[in-house]
Amino acid sequence: MNLAVFASGRGSNLGAILEAIRKGDLPARLSVVISNNASAGALELARSNHIPAVRIRQQEYPSEEAFSEALISLLAQHEVDFIALAGYMRMIPPDVIARFRNRITNIHPALLPSFGGSGMYGMRVHEAVIRSGVKISGVTVHLVDEEYDHGPIVMQRAIEVTANDDPVSLAAKVQKLEHEMYPQALRAFAEGRVMMKGTTVWIR
Ligand code: GAR
């Protein structure tokens, strides 16, 4: 599996993916890291691991079609066959989704379909979870389709939200779980163990 990771932020999930590859727990090659954000920790992390790191933004292109073409040719240049979104805070253009149908995953820091959708990212998710009073949260890995936080769910795990939790402590617990889960989910794809029937996905 020739992987591209798209990330806008710190890049801790990228770090977990890199570590899993290094340890032999994820049979993949990380071909390129792509970000919209020049100061993303993820780009720095990629560069320090000698992985091509590219910043590309839709605003720099005259149209969405032109941006899609640029992204698709960047991915082809790096021989990418699978995309993992890891804290990427932009929509993937429909042409790219169509080209990589069922080969793009996203990790979300809550149990979708709750606490997802536009504007629900990072700390905002954990704040909403705490405000709601739910007693469990967790992590979702899902396939990416044209709707935000919407595609078929591949893997989900729950953690308890305790009376002592605040958004910061919850975020820390969720991120720890993310770092275990994302490499495992990607490994299932790399090993051809992800099965699909309609929009239902499961791992063998
Ligand atoms: C992760 O918690 C990820 O689930 C979240 O952004 C964080 C990125 O952290 N993604 C979303 O909220 C997407 N809706 P990282 O840069 O340290 O990997």
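Read the numbers this way: they start at 1 and go in the same order the structure lists the ligands and their atoms.
- Residues Leu186 and Val141 fail the side-chain proximity criterion, which asks for heavy atoms closer than 4.5 Å.
- Close contacts of ligand 1 with Met89, meaning ligand atoms under 4.0 Å from a residue heavy atom, involve 6 (O).
- By the criterion of side-chain heavy atoms lying less than 4.5 angstrom apart, applied directly or through intervening Ile, Leu, Val, Met, Phe, Trp or Tyr residues, Ile17 is grouped together with Val139 in one hydrophobic cluster.
- Listed for the Ser8 side chain is a donor-acceptor partner under 3.5 Å among the backbone atoms of Met89.
- With ligand atoms numbered from 1 in the order given, ligand 1 contributes 15 (P), 16 (O), 17 (O), 18 (O) to contacts under 4.0 Å with heavy atoms of Gly11.
- Where the criterion is an N or O separation shorter than 3.5 Å, residue side chain and backbone included, Arg10 meets it with respect to ligand 1.
- At under 3.5 Å, a nitrogen or oxygen of Gly122, whether backbone or side chain, sits near a nitrogen or oxygen of ligand 1.
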Inset, instruction - Could you walk me through whether Thr162 and Lys173 pass side-chain contact (heavy atoms from CB on, under 4.5 Å), step by step? - result: CA-CA 11 Å; Thr162 68; Lys173 289 199 282 192; 4.2 Å; yes
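- Put simply, part of Ile107 is less than 4.0 Å from ligand 1, judged by heavy atoms.
- Only one option out of Val201, Asp149, Ile107, Leu85 pairs with His142 in a side chain to side chain contact (heavy atoms under 4.5 Å, CB included); it is Asp149.
- A continuous path of hydrophobic side-chain contacts links Ile21 to Phe189 [ILVMFWY only; heavy atoms under 4.5 Å].
- Annotation for ligand 1: atoms under 4.0 Å from non-hydrogen atoms of Met120 are 14 (N).
- For ligand 1, the polar-atom distance check against Gly9 finds no nitrogen or oxygen pair separated by under 3.5 Å.
- The nearest heavy-atom contact from the protein to atom 7 (C) of ligand 1 is Gln175 NE2, 3.7 Å.
- Electrostatic pairing of Arg22 and Glu19 counts as a salt bridge here, judged by a charged N lying under 4.0 Å from a carboxylate O.
- With salt bridges taken as basic N to acidic carboxylate O contacts below 4.0 Å, none links Glu44 and Arg10.
- For atom 15 (P) of ligand 1, the choice among Gly117, Gly87, Ser12, Ala40 with the nearest heavy atom turns out to be Ser12.
- For ligand 1, the atoms lying closer than 4.0 Å to a non-hydrogen atom of Tyr121 are 12 (O), 14 (N).
- Nearest non-hydrogen protein atom to atom 11 (C) of ligand 1 is Pro109 CD, 3.7 Å.
- Protein heavy atom nearest atom 4 (O) of ligand 1, with residue, atom name and distance: Glu178 OE2, 2.3 Å.
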